[in-house]
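Scope of the values below: all heavy atoms of this structure, side chains included, with no hydrogens, waters or symmetry mates. Each chain gets a letter, A, B and so on, in the order its sequence line appears, and its residues count up from 1.
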Number of protein chains: 2
Amino acid sequence: MKKARTTITDIARELNISPSTVSRALNNHPAISKKTRDAVIELAKTLNYQPNLLALNLLRKRTNTIGIIVPEITSSFFSSVINGIQDLLSPLGVNMMISQSNESMEEEKSILRSFASIRVDGFLISPSSETKNFDHLKILTDNNIPLVIFDRDCEGLEVDKVFVDEYSGAFQAVEYLVKTGCRRIAHIAGPLSLSTARHRLKAYKDALALHHVPVKEEYIVESSGFTPEHGIKPTQKLLALPSPPDAVFAINDGVAIGAMYVIKKAGLVIPDEISVVGFDDDPHSCYFSPSLSTVWQPTYELGMLSARILMKRINSNNDLSDIRVEELYPELIVRGSSK
Amino acid sequence: MKKARTTITDIARELNISPSTVSRALNNHPAISKKTRDAVIELAKTLNYQPNLLALNLLRKRTNTIGIIVPEITSSFFSSVINGIQDLLSPLGVNMMISQSNESMEEEKSILRSFASIRVDGFLISPSSETKNFDHLKILTDNNIPLVIFDRDCEGLEVDKVFVDEYSGAFQAVEYLVKTGCRRIAHIAGPLSLSTARHRLKAYKDALALHHVPVKEEYIVESSGFTPEHGIKPTQKLLALPSPPDAVFAINDGVAIGAMYVIKKAGLVIPDEISVVGFDDDPHSCYFSPSLSTVWQPTYELGMLSARILMKRINSNNDLSDIRVEELYPELIVRGSSK
DNA sequence: AATGTTTATGCAAACCTTTGCATAAAAACA
DNA sequence: TGTTTTTATGCAAAGGTTTGCATAAACATT
């Protein structure tokens, strides 16, 4: 038998006063006598009264909850971003509804619908790799629901966005490889439906071109994901080339770790015979042998900034006059896997 | 200027019918004429009507949302558990509010209060390492709010619980080390406020005792956390002993990775001179060199089962007659870091 | 004593939706 | 035509909270 939770009316009935008085007493309204206030507060405590935010939210048309949709939660990248988001939101008393799209556009849409019905105050979304059509996101802005896109771009959608300057990060990495004498530099790209993967690929090509290193198509392979497993096959393909690469720039640390594994298995010495550079600075990367050179991304800051912009938008009543597009800067970290 | 979202009353006014009729039309109530129903549904679509679940939840006293509190989200362990939780909940149309306690009891309490006010239907909690007093959890059960504890125990609290049999996992690991000839087996324990850490320590001692290997206090060191960084100092301490260990069993893979790093830096060969075994089977562990032997835990299943039990409890109106305590089985995975 | 002022409280509406009950209109039947 | 049945719709309450306005009681002022 489920006993109902204590409400403001329960307290009122017990004390023979009206619910309004109870409400005011609990909210420190000045026009309440000390006697009444004390009595109310005490009874509330003994009855373990907890305000029903559903009712209040309905009244205020505000839930103090924001919806977060990420492709996956298990990657160190996104979990670290979420960390940053929580650290900004928590002191503000704002809750997070989190869900993963598993890189599926259908799931993304369905989560979106669900969050919208719950009336979250705003959205923080990093779109799935399948998401090419932004109608579902457009509906949010059409309905004046604040939305901030982070990390992965939705080109053409006019909302606040926060990115890492992937181009710069990748450019630094490749340029550095060239400068340390590598000439046959390969790139294991990510799924090219992602803006991030495209930017890194472009930077790779541009950096090579700038330094007059020919761009060869056979040195560019695409991985279908971001785990070490996804790095195995592409690396095997690269090593099997007539003229195998003397450096590999991988889309992220996960794939780079897979690459190192294959390279070492093949009896090649890193970095003497082949350099490896990743992206993300996964917390484990510096403990590999050799430790993995990589491009650090300010993930925590990315989360914080995205959340801060979203909250500002929410509190300014979603006035869309000044859309912000912010870029954070990544940093090359040279370790043992490169010369 | 924020335009209000479409409500059922807007549709009713527009169509000159009552809100009840609109509600019934949208819910396929039989006593509505086809003509009215069609008109309603069409208008709802063009106005992009989305039901306000706040109102409905208030009426139903049910939010279809559950609250999840974990110590941290960035560890592969907990993010994988959350993965399992979502995969069970999602098809049921249940949402997740997720928050991290950051191993702080105060934060845990405050998140709890917040989730309770939001009226989540139930809780899935893995307590922080600081949590020794369970009053705040007791309040939940006192108020008939379903709660499932997972992974870390709250001894004395009578609620549903789902664990991994840590003892068995650790015992397997240590016994295996003994059987491969190690005699000076060290243990880097986790924070001993955690039931999991205590169980593993006990298994370590018991396994040694069973095989008549003396338990030496200097071989037991405590780490204050679970990252590679937390493994550095304890390992240095172990290696500095007059008679350094020939095997290290670490509280988890993170710490084991830190240990391997220190050991290799010291010029010792793994596993010839010293074996290392971790716990958790972090996705990266098999790509280290040598690859890390570890104890795999069914994290995904842990999440699924916990969520399943919670949903059952919620749907059975929290009838507490049959508290369940479930245990899942871990498995030793032998790789290159041990003989 | 009469009036004005302050203090403490209550009433009722609003937020949005569902649903039991009542009822009007239409259809079917005698 | 009058009565019963069916069909389609509306009314009002409920869920818990806040808040503008009204008001009763207590106090202060002349």
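Between Thr21(B) and dG10(D), a side-chain N or O to OP1/OP2 separation shorter than 4.0 Å is present. Phosphate contact (OP1/OP2 of dT18(C), side-chain N/O of Ser23(B), threshold under 4.0 Å): present. Between Ser33(A) and dT9(C) there is a side-chain polar atom (N or O) within less than 4.0 angstrom of OP1 or OP2. Distances shown here put a side-chain N or O of Lys61(A) below 4.0 Å from the OP1 or OP2 atom of dC16(C). Dashed line: the shortest gap from a side-chain N or O of Arg37(A) to OP1 or OP2 of dT7(C) is not under 4.0 Å. Between Tyr49(B) and dC16(C) there is no side-chain N or O to OP1 or OP2 distance below 4.0 Å. Between Thr36(B) and dT9(D) there is a side-chain N or O to OP1 or OP2 distance below 4.0 Å. Phosphate proximity of dT18(D) to Asn27(A): present, with a side-chain N or O under 4.0 Å from OP1 or OP2.
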Practice task
For the pair Asp121(A) and Lys61(A), evaluate salt bridge (charged side-chain N to carboxylate O under 4.0 Å, His left out) and give the outcome as yes or no after the intermediate values.
Solution key: CA-CA 9 Å; Asp121(A) 294 336; Lys61(A) 294 163 171 289; over 6 Å; no

Exercise for the section: Verify side-chain contact (heavy atoms from CB on, under 4.5 Å) between Phe78(A) and Ser79(B), making sure each step is shown before the conclusion. Expected result: CA-CA 10 Å; Phe78(A) 284 113; Ser79(B) 58; over 6 Å; no

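Between Arg5(B) atom CZ and dT17(C) atom P the separation is 11 Å, expressed in whole Å. As rounded to whole Å, 15 Å separates atom C1' of dT18(D) from atom CG of Leu54(A). The distance from atom CZ of Arg24(B) to atom C1' of dG10(D) is 8 Å, rounded to the nearest whole Å. dC15(C) atom P lies 18 Å from atom CG of Leu56(B), rounded to whole Å. For Arg62(A) and dT18(D), the CZ to C1' distance is 16 Å, given to the nearest whole Å. Distance Ile118(A) CD1 to dC16(C) P: 17 Å, rounded to the nearest Å. Between the NZ atom of Lys34(A) and the C1' atom of dT7(C) there is a distance of 16 Å, rounded to whole Å. dG10(D) atom P lies 13 Å from atom CD1 of Ile8(B), rounded to whole Å.
Side-chain N/O atoms of Ser80(A) and Thr299(A) include a donor and acceptor closer than 3.5 Å.
Counting distance only, with no hydrogens placed and no angle test, the side-chain atoms of Thr7(B) and the base atoms of dC15(C) include no donor-acceptor pair under 3.5 Å. For a distance-only test at 3.5 Å, the side chain of Ser18(A) fails to qualify as a donor-acceptor partner of the base of dC11(C). On a pure distance criterion of 3.5 Å, no polar donor-acceptor pair joins the side chain of Arg119(B) and the base of dG16(D).
Across dA14(C), dT9(C), dT17(C), the shortest atom-to-atom separation from the side chain of Leu59(B) is found for dT17(C). Picking from dG15(D), dT17(D), dT9(D) the nucleotide with the shortest atom distance to the side chain of Asn52(A) gives dT17(D).
Around atom CD of Glu42(B), no more than 12 heavy atoms belonging to other residues, nucleotides or ligands sit under 6.0 Å away.
Across all strands shown, Arg60(B) has heavy atoms under 4.0 Å from sugar-phosphate atoms exclusively, and none from any base. If you check every strand for non-hydrogen atoms under 4.0 Å, Ile17(A) touches sugar and phosphate atoms only. Using a 4.0 Å heavy-atom cutoff across all strands shown, Leu58(B) reaches at least one base atom of the nucleic acid.
The backbone N or O of His29(A) sits nowhere less than 3.5 Å from a side-chain atom of Asn27(A) that would complete a donor-acceptor pair.
Residues Val159(A) and Lys161(A) form a side-chain contact, since some pair of their non-hydrogen atoms from C-beta on lies under 4.5 Å apart.
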